[in-house]
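Read the structure below first, then the notes.
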Amino acid sequence: MKIIAIIPARYNSSRFPGKPLAEICGKPMIWWVYQQVKKVSDLSGVYVATDDCRIMERCKSLGIDVVMTSEKCKTSTERAYEVAKSISADLYVVVNGDEPLIDPNIISQIIPKQQLQDMYVGNLMTKIKSAAEVVDFTNIKVVVDEENNAIFFSRSPIPYPKATLEYDYYKHVGVLIYDYKALKFFSDTEPGRNERIEDVNELRFIDHGVKIKMTEVDAHSLSVDTPKDLEFVKKEIEHINESDKCPGLYS
Amino acid sequence: MSRGGADMRIVAVIPARYKSSRFPGKPLADICGKPMIWWVYNSVKSIEVFDDVFCAIDDERIKQVCDEWNMKYVLTRNDHPDHISRVQEVSDSVEADYYICINGDEPLITKECILPVVPSEISLEPYFGGAMRNLTDPAEAIDPANIKLVVSNEGKCIYMSRIPVPYPKGTLKVSYKKYVGVECFNKLALDFFVNTAMGSVERVEDIDHLRFLENKIDLNFSLVESDSISVDTPKDLDFVIGKMQERLKNGYSHPENRGGYERKLSYFYANVIAYIGGEVA
């Protein structure tokens, strides 16, 4: 089975323009993500998908495989579909470009072990550990059925714990896996009613009755959405490198 | 569109438990001189689509009232965990293509809310249909006693929760939908429900219908307009009595005597409402 990974990296982030090039210990953020994804075994290739020359040049100079895509892509899934149209594979892993601390062992868990159905979509989820996290609407909560297929994603805390308080809440993690058919379906289909209300891309599949297989992982990664998040990630990386005793890594 | 074709047998079931934790003897509470269950029964009985109407009861006191007011009933076990199991017990002795279940604690319910859930053809799969209405009052949206519905473009229910869903991040043009206590089951769906263990999400939310969703059985919902409330407390009862007095004063004809024209008009109206799609279409 040929599996490739795609890291979508847009230049224009509304809250943080030029985010993928933000410097972390001497390297752009996208480089850190790329290094982490490279560590995942079973991948035949890792590509950054961008819409901007500055990002492309920087990637090339750092030896990162990069694909230029249209500025018109509205979502990272559509950007991944553009890559899939020129690079064929059985499955495409899509990893957000804004999580420089993502753990490769977590990414590898999204790769299915068995034969899968046509139109395959998989996503990771992780247990929510704090009360503020469950209320925060930037964390997307997910409810699954008995076979770990997603029933619904919401920014509201679901399910409502009326009958019992013994329940672990789960949130969506920005690592997905698709086959070509699923990427094509997403790109060819208009946003559904609930996707538009919630502003959650994955609901395009749910709104149209396409299954999303959820895999539980123990993720601690932090997405960089603001310059403040970036400061936090810089400190973490410095700390990791010190404890690894390999200061040369980012010099 | 025709609902409940002539070749189908459609039975209405009104579950009425004597023991309500918040309001014992609720079905017998007096509303304008008649017991609450009588109002529901007669409202339902006047709908021509039904081949039969039964109260599903569990108590001798309700049985006496049914006899006294000439209402048909099935005496069911008093240990059912939920109303769907009670309706399933009725379905073991009363044959029908569809069972329309109307809560015994909604005396203000009208046929406009009931007719849209009646399917037009027989289903060979487990079938569930329900009614929903728009939520307008903010407090009503937040109240966990009101179950909110997430519906797809095609009118299938995707998720049900006591928390307000969906979350309006992308747009504020959302009209929240609330579950209304009118349901339609076929025998397959009722049997499936009682033979299937409670799901893990159902267990958390305390919403019976999630058992169907957790097992990939579609929930079909029709949008209706309703000012009916379920009577859960004596305070709710006062509200309903006030409404009923108002209706009677305004010439609300007795359910038994409502004429054909009015019937047709309300039927038309219910279907129009059922077809008005979502605001975010």
Side-chain angles (χ1 to χ4, degrees), chain A residues 14 74-75 117 134-172 189-214 216, chain B residues 81-82 141-177 179 196-219 223 277-281:
Chain A
S14 54
K74 291 190 202 82
T75 62
Q117 81 263 18
V134 79
V135 175
D136 178 8
F137 77 80
T138 67
N139 288 319
I140 296 164
K141 274 66 72 177
V142 58
V143 174
V144 296
D145 70 11
E146 304 287 314
E147 285 151 10
N148 270 356
N149 291 306
I151 297 176
F152 193 56
F153 292 86
S154 185
R155 295 178 185 275
S156 283
I158 51 169
Y160 184 94
K162 176 177 180 256
T164 173
L165 293 175
E166 282 170 30
Y167 179 79
D168 291 318
Y169 284 85
Y170 286 89
K171 67 172 178 179
H172 150 93
T189 307
E190 286 293 305
R193 168 201 180 85
N194 296 299
E195 176 187 357
R196 281 193 248 176
I197 298 171
E198 288 264 7
D199 192 16
V200 172
N201 294 340
E202 286 67 32
L203 287 174
R204 190 162 318 176
F205 294 110
I206 301 292
D207 271 335
H208 294 93
V210 177
K211 280 185 188 172
I212 302 181
K213 190 73 165 177
M214 303 301 296
E216 184 187 346
Chain B
D82 45 68
I142 301 297
D143 179 7
N146 289 322
I147 295 170
K148 272 70 70 177
L149 302 176
V150 180
V151 281
S152 74
N153 295 10
E154 292 83 28
K156 303 271 184 221
C157 174
I158 295 173
Y159 189 58
M160 301 173 90
S161 184
R162 295 179 185 275
I163 206 95
V165 278
Y167 186 95
K169 178 173 182 264
T171 173
L172 290 174
K173 286 184 196 155
V174 185
S175 94
Y176 284 88
K177 306 281 188 285
Y179 166 85
T196 306
M198 189 184 266
S200 53
V201 187
E202 175 190 357
R203 194 185 305 276
V204 178
E205 288 265 12
D206 192 15
I207 300 175
D208 304 330
H209 308 82
L210 286 171
R211 192 168 315 174
F212 293 115
L213 271 189
E214 287 186 82
N215 290 283
K216 302 269 172 307
I217 292 174
D218 281 346
L219 301 179
L223 189 62
E279 52 304 321
V280 185

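Convention: sequence-line order gives letters A, B, ...; per-chain numbering from 1.
- No part of B:E202 comes within reach of chain A, as not one of its non-hydrogen atoms sits under 4.5 angstrom from that chain.
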Item to complete: Go through B:V151 and A:R193 one step at a time and tell me if the side-chain contact (heavy atoms from CB on, under 4.5 Å) criterion holds.
Response: CA-CA 8 Å; B:V151 281; A:R193 168 201 180 85; 3.9 Å; yes
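- Applying the salt bridge (charged side-chain N to carboxylate O under 4.0 Å, His left out) test to pairs two or more places apart or on separate chains, those with a residue in residues 141-153 of chain A are A:D145-B:K216.
- Residue contact with chain B, scored on non-hydrogen atoms closer than 4.5 Å, involves the backbone and the side chain of A:T164 alike.
- Interface remark: of the candidates A:Y167, A:F137, A:F153, A:F137 forms the most heavy-atom pairs closer than 4.5 Å to chain B.
- Shortest non-hydrogen contact noted between B:E205 and A:Y160 is OE2-N, 2.7 Å.
- Under the 3.5 Å distance criterion, the side-chain polar atoms of A:S156 are matched with a main-chain donor or acceptor of B:P164.
- Per-residue counts of heavy-atom pairs under 4.5 Å with chain B were compared for A:N194, A:N149, A:I151; the largest is that of A:N194.
- Most heavy-atom pairs under 4.5 Å with chain A, from the set B:V204, B:I163, B:V150: that is B:V204.
- The shortest heavy-atom contact between B:S161 and A:I158 is OG-CG2, 3.9 Å.
- Residue contact with chain B, scored on non-hydrogen atoms closer than 4.5 Å, involves the backbone of A:V144 exclusively.
- Here the closest non-hydrogen pair linking B:K169 and A:E198 is CB-O, 3.5 Å.
- Rounding to the nearest 0.5 Å gives a distance of 6.0 Å between CG of B:N153 and CG of A:D207.
- A:K162 and B:D206 get closest at one heavy-atom pair: NZ-OD2, 2.8 Å.
- In terms of heavy-atom proximity, A:I197 sits nearest to B:P166 at CG2-CG, 3.7 Å.
- Residues A:P159 and B:V201 come closest through the heavy atom pair CB-CG1, 4.0 Å.
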